[in-house]
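Numbering of ligands and ligand atoms starts at 1, following listing order. As the structure is a prediction and not an experimental result, all values here were calculated from the model.
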Amino acid sequence: MKIVTVVGARPQFIKAAAGSRALRREHTEILVHTGQHHDENMSEIFFREMGIPAPDYNLGIAGGTHAQMTGRMLIALEEVLLGEKPDALLVYGDTNSTLAAALAAVKLDIPVLHVEAGNRLGTLSNPEEVNRILTDHCSRLLFAATEDAAQKLRGEGLGDRTHVVGNIMYDSFLHFRSLPWEPDIRGFDGERIDVPARFYYMTCHRQENTGTDEPLREILLAMNSLDAPTIYAVHPRNRERAARLCRGGGLSNIILTQPVGYSDSVHLTQNAVKIVTDSGGLQCEAFYAGVQCVFILDYPVWPETMVGNRNQLAKPLREDILAKLSAEQTIDPDYRPFGDGHAAEKICDVLREVTL
Ligand code: UDP
């Protein structure tokens, strides 16, 4: 088949690294980068480091409101699809790029394949929730990462299109964890950072936690009071606020860095004392690594991780974060809700078996 894959944001590059490798063994893939994430640290480093094929199209669409971004993508993607006339369109996750691509394709009667289908937070106040729901309902094939996600799809009447394949991020995680680690972590001024022997790893970039000073200050105060430094890999959108709060507040136990590459993120995860994040992807990776995670949001993205204190929800409040960080975790090594790290191959197996 000729398959157009659309990516646009960091977590999608990480998934496409595993997906493209497997797809290209049997199919012709045309890769489209919408441009949603576009700079060196948020995009190019992943293509280079993870061996993702260069995009055939780069639409250069970033910024603006949700409607502006999604609308511009919809128009540009329709043109690509009209020109390429693919047999199918494949999308990952839940970004505006995912939704725009699915909508453009379904209206042209091109079958949509959605990887990481069925995740639900249960609230439309999360901007990605509507992207997940609409994309799933536009799709011909739904590849769920977990049984829980498949259950949600069945509950919405989509069971006959659903296949549980495991989490494709786990494929990438296992691959990069097995490679040697040569850290290349940079501070805001580009200076190389030495990784301390003991450290906490943190990412935090959601609007709820970083849109104003107060929640981020609370999170930083909690991290600053810990028994080892925190490496905080800062999303470009919070850079100014994080720098001001840390430097202005004398929070010297926090090491601010530029976004790190995937190998660095995987190995920081694997070697951290504990992880604090509001990233759905990183909470899963903490789970794979067996490292305890505190997730700063009101609802879990991956409920499967919320067992034995391996992942706990916290409010963006210092006391709550510290209380959750001090809890012990239990690990059942036989509990593997995310599959076996061969999701990409399982997707290809399904594509071989079904007629679209
Ligand atoms: N990640 C990375 N570098 C960083 C921060 C995160 O490579 O500086 C990786 C992380 O390991 C995970 C993914 O990016 O695999 C998560 O992406 P993001 O937080 O942007 O998206 P979300 O998980 O919130 O959808």
Side-chain angles (χ1 to χ4, degrees), residues 7-19 36-50 52 62 91-99 115-116 119 121 126-129 131-132 145 167-177 179 181 183-188 193 195 199-210 230-239 242 255-272 275-289 291 293 295-297 299-302 305 311 338 343:
V7 294
R10 175 167 66 187
Q12 292 165 334
F13 310 143
I14 295 167
K15 291 162 201 167
Q36 194 174 339
H37 284 167
H38 48 85
D39 59 17
E40 160 64 26
N41 286 332
M42 296 296 289
S43 171
E44 281 159 36
I45 189 172
F46 295 94
F47 282 81
R48 209 171 46 244
E49 179 188 13
M50 302 186 81
I52 306 167
V91 283
Y92 298 98
D94 57 15
T95 66
N96 290 340
S97 305
T98 312
L99 175 64
V115 179
E116 209 180 87
N119 290 14
L121 268 54
N126 174 262
E128 286 83 29
E129 183 82 345
N131 295 348
R132 297 181 194 105
N167 193 342
I168 197 162
M169 272 195 124
Y170 192 29
D171 300 21
S172 291
F173 180 86
L174 288 178
H175 178 69
F176 277 83
R177 186 173 65 177
L179 302 179
W181 184 24
D184 184 12
I185 298 171
R186 304 281 171 163
F188 283 1
I193 306 265
V195 180
F199 63 88
Y200 294 81
Y201 179 34
M202 163 165 153
T203 73
C204 185
H205 66 272
R206 281 184 197 263
Q207 181 67 14
E208 295 92 320
N209 293 325
T210 62
T230 291
I231 297 180
Y232 176 16
V234 183
H235 194 290
R237 96 165 69 103
N238 322 315
R239 188 177 160 130
I255 303 169
L256 296 176
T257 79
Q258 298 181 23
V260 298
Y262 190 62
S263 170
D264 282 328
S265 191
V266 164
H267 289 280
L268 287 171
T269 302
Q270 191 63 59
N271 291 290
I275 289 168
V276 172
T277 188
D278 58 8
S279 152
L282 191 59
Q283 76 175 234
C284 268
E285 289 164 343
F287 184 91
Y288 308 148
V291 173
C293 181
F295 187 60
I296 307 182
L297 209 64
Y299 24 76
V301 176
W302 295 96
T305 61
N311 188 21
F338 295 106

Salt bridge flag under 4.0 Å for residues Glu285 and Arg177: no

Gln283 heavy atom under 4.0 Å from ligand 1: no

Closest protein heavy atom to atom 8 (O) of ligand 1, given as residue, atom name and distance to 0.1 Å: Val260 N, 2.8 Å

Protein contact to atom 16 (C) of ligand 1 [nearest heavy atom, distance to 0.1 Å]: Ser279 OG, 3.5 Å

Protein heavy atom at shortest distance from atom 6 (C) of ligand 1: Arg10 CZ, 3.6 Å

Sub-4.0 Å heavy-atom approach of Gln258 to ligand 1: no

Any Gly261 heavy atom less than 4.0 Å from ligand 1: yes

Those atoms of ligand 1 less than 4.0 Å from some heavy atom in Gly280: 22 (P), 23 (O), 24 (O)

Phe173 near ligand 1 by a heavy-atom separation under 4.0 Å: no

Plane angle bin for Phe46 and Phe13 - parallel if under 30°, tilted between 30 and 60°, otherwise perpendicular: tilted

Trp302 and Phe338 aromatic ring geometry - parallel, tilted or perpendicular at 30°/60° bounds: perpendicular

Nearest protein heavy atom with distance in Å, relative to atom 25 (O) of ligand 1: Pro11 CG, 3.6 Å

Closest to atom 2 (C) of ligand 1 (judged by heavy-atom distance), picking from Ser265, Cys284, Ala233, Ala286: Ser265

